[in-house]
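To start, the structure under review is shown below, and the notes come after it.
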There are 2 protein chains.
Amino acid sequence: MTNIENLDKAFESRVRLGIMSVLNSAGQADFNTLKSMLGVSDGNLASHIKALEKLGYIETIKQFIHRKPNTSYAVTESGRKAFSAHIDALCSILKIK
Amino acid sequence: MTNIENLDKAFESRVRLGIMSVLNSAGQADFNTLKSMLGVSDGNLASHIKALEKLGYIETIKQFIHRKPNTSYAVTESGRKAFSAHIDALCSILKIK
DNA sequence: AAAAAGTACTTTGCGATGCAAAGTTAATAC
DNA sequence: GTATTAACTTTGCATCGCAAAGTACTTTTT
């Protein structure tokens with residue numbers, strides 16, 4: 001089947017797909033790690049993070065490490081499900097796996 | 001690796017991804033088949049086709065069938081390569097296959 | 001012959017998106 | 001108190017996606 005409707009609009013952006021992929025496999029990652037892994041500007045990253053957070057797909061973990069502020073992000077349960085469903089849809093469309 | 005740069009911008013749109021997927025597995029498909037398989041309006045489909053054609057990823061085959069005009073599309077060699085590279089990039093990012 | 005319908009577009013208009021660049025806030029270091 | 005770092009937010013602009021309407025050509029119907 002070619003059901004492109006099952007693709008999640010939230011993951012059509014390469015940056016948001018990348019964020020989810022990193023967080024999903026690493027468990028969590030902080031702002032600067034994401035920034036350098038994805039090669040995007042801080043403003044751009046922040047806006048994509050905000051979009052994913054607004055959808056409830058990721059959550060923010062703020063803390064201080066060595067007296068410096070550190071913001072980490074992790075995928076929520078709902079985010080994990082949505083991401084997994086998106087990958088399933090992709091695989092079905094692209095006939096992989 | 002999380003190299004989102006290897007993703008092809010042309011295939012970030014669900015419609016263009018769908019077009020490529022259908023053409024890639026069916027060999028070729030005509031306008032109305034694509035339209036109904038993807039569930040998009042004719043204007044929308046035409047514009048996405050135009051974009052893929054402009055990139056040299058698909059080619060147009062115009063003919064008459066039962067005295068009716070029929071336009072079919074097929075993936076070009078360069079389109080096949082680009083699509084395959086995009087899928088590889090996706091698989092690498094999503095860690096599938 | 002005129003009207004209607006089908007195919008494949010193109011054009012228009014508009015709201016949403018993506019991104020760079022600049023500005024902001026708050027804590028820390030010197 | 002000045003500078004630096006972290007993490008954003010805001011601004012501005014160019015691009016995108018899409019619906020809706022318009023177009024051109026042909027065939028079918030009346």
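These numbers come from a predicted model, not from an experiment. The sequence lines fix the lettering, A, B, ..., with proteins before strands; numbering per chain opens at 1.
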**Prompt:** Just how far, in rounded Å, is C1' of C:dG18 from CG of A:Asp42?
**Reply:** 15 Å
**Item:** Sugar-phosphate, base or nothing in reach of A:Arg14, heavy atoms under 4.0 Å
**Value:** nothing
**Euclidean distance, A:Ile49 CD1 relative to A:Asn44 CG, rounded to 0.5 Å** = 10.0 Å
**Prompt:** With a 4.0 Å cut-off on heavy atoms, is A:Ser13 in touch with a base, just the backbone sugar-phosphate, or nothing at all?
**Reply:** sugar-phosphate
**Asked** Among D:dT9, C:dA8, D:dA7, which is the nearest nucleotide to the side chain of A:Thr71?
**Response** D:dA7
**Request:** Would you mind telling me which of D:dT9, D:dA7, D:dA19 lies closest to the side-chain atoms of B:Asn44?
**Result:** D:dA19
**Request:** Please work out whether the ring planes of A:Phe31 and A:Tyr73 are parallel, tilted or perpendicular, with thresholds of 30° and 60°.
**Result:** tilted
**Message:** Just the rounded figure in Å: distance from P of D:dC25 to CZ of B:Phe31.
**Reply:** 18 Å
**Request:** Would you check if the distance from the ring center of A:Phe83 to the ring center of A:Tyr57 is below 6.0 Å?
**Result:** no
**Asked** OP1 or OP2 of D:dA19 sitting under 4.0 Å from any side-chain N/O of B:Ser41?
**Response** yes
**Item:** Whole-Å gap separating P (C:dA8) and CZ (B:Arg67)
**Value:** 18 Å
**Asked** Between atom CD in B:Glu53 and atom P in C:dT10, what is the gap in whole Å?
**Response** 9 Å
**Prompt:** When we call it a touch if two heavy atoms are under 4.0 Å apart, what does B:Val40 touch: a base, just sugar-phosphate, or nothing?
**Reply:** nothing
**Request:** May I ask you to decide whether B:Arg80 forms a salt bridge with B:Glu77, counting only side-chain N to carboxylate O separations under 4.0 Å?
**Result:** yes
**Message:** Could you tell me how far apart B:Leu38 (CG) and D:dA19 (P) are, to the nearest whole angstrom?
**Reply:** 13 Å
**Message:** Among D:dC18, D:dC8, D:dA6, which nucleotide has an atom closest to any side-chain atom of A:Pro69?
**Reply:** D:dA6
**Asked** Within this structure, what is the CD-to-C1' distance between A:Glu12 and C:dG18, rounded to whole angstrom?
**Response** 14 Å
**Prompt:** Where each residue is assigned the nucleotide of DNA chain C containing its nearest heavy atom, which of A:Val15 and A:His66 is assigned the position nearer the 5′ end?
**Reply:** A:Val15
**Message:** Would you say B:His48 places a side-chain N or O within less than 4.0 Å of OP1 or OP2 belonging to D:dC18?
**Reply:** yes
**Interatomic distance where CG belongs to A:Asn32 and P belongs to D:dT5 [whole Å]** = 11 Å
**Prompt:** Tell me: NZ of B:Lys68 to C1' of D:dA24, nearest whole Å?
**Reply:** 17 Å
**Prompt:** Which nucleotide, D:dA7, C:dC9, D:dT9, lies nearest any side-chain atom of B:Tyr73?
**Reply:** C:dC9
**Prompt:** Taking for each residue the nucleotide of DNA chain D with the nearest heavy atom, is it A:Ser72 or A:Lys9 whose nucleotide lies nearer the 5' end?
**Reply:** A:Ser72
**Request:** Please step through side chain to side chain contact (heavy atoms under 4.5 Å, CB included) for the pair B:Ile19 and B:Leu45, ending with a clear verdict.
**Result:** CA-CA 9 Å; B:Ile19 293 171; B:Leu45 176 58; 3.8 Å; yes
**Message:** Can you see if the side chain of B:Lys62 gets near the phosphate of C:dC9 - specifically, an N or O under 4.0 Å from OP1 or OP2?
**Reply:** yes
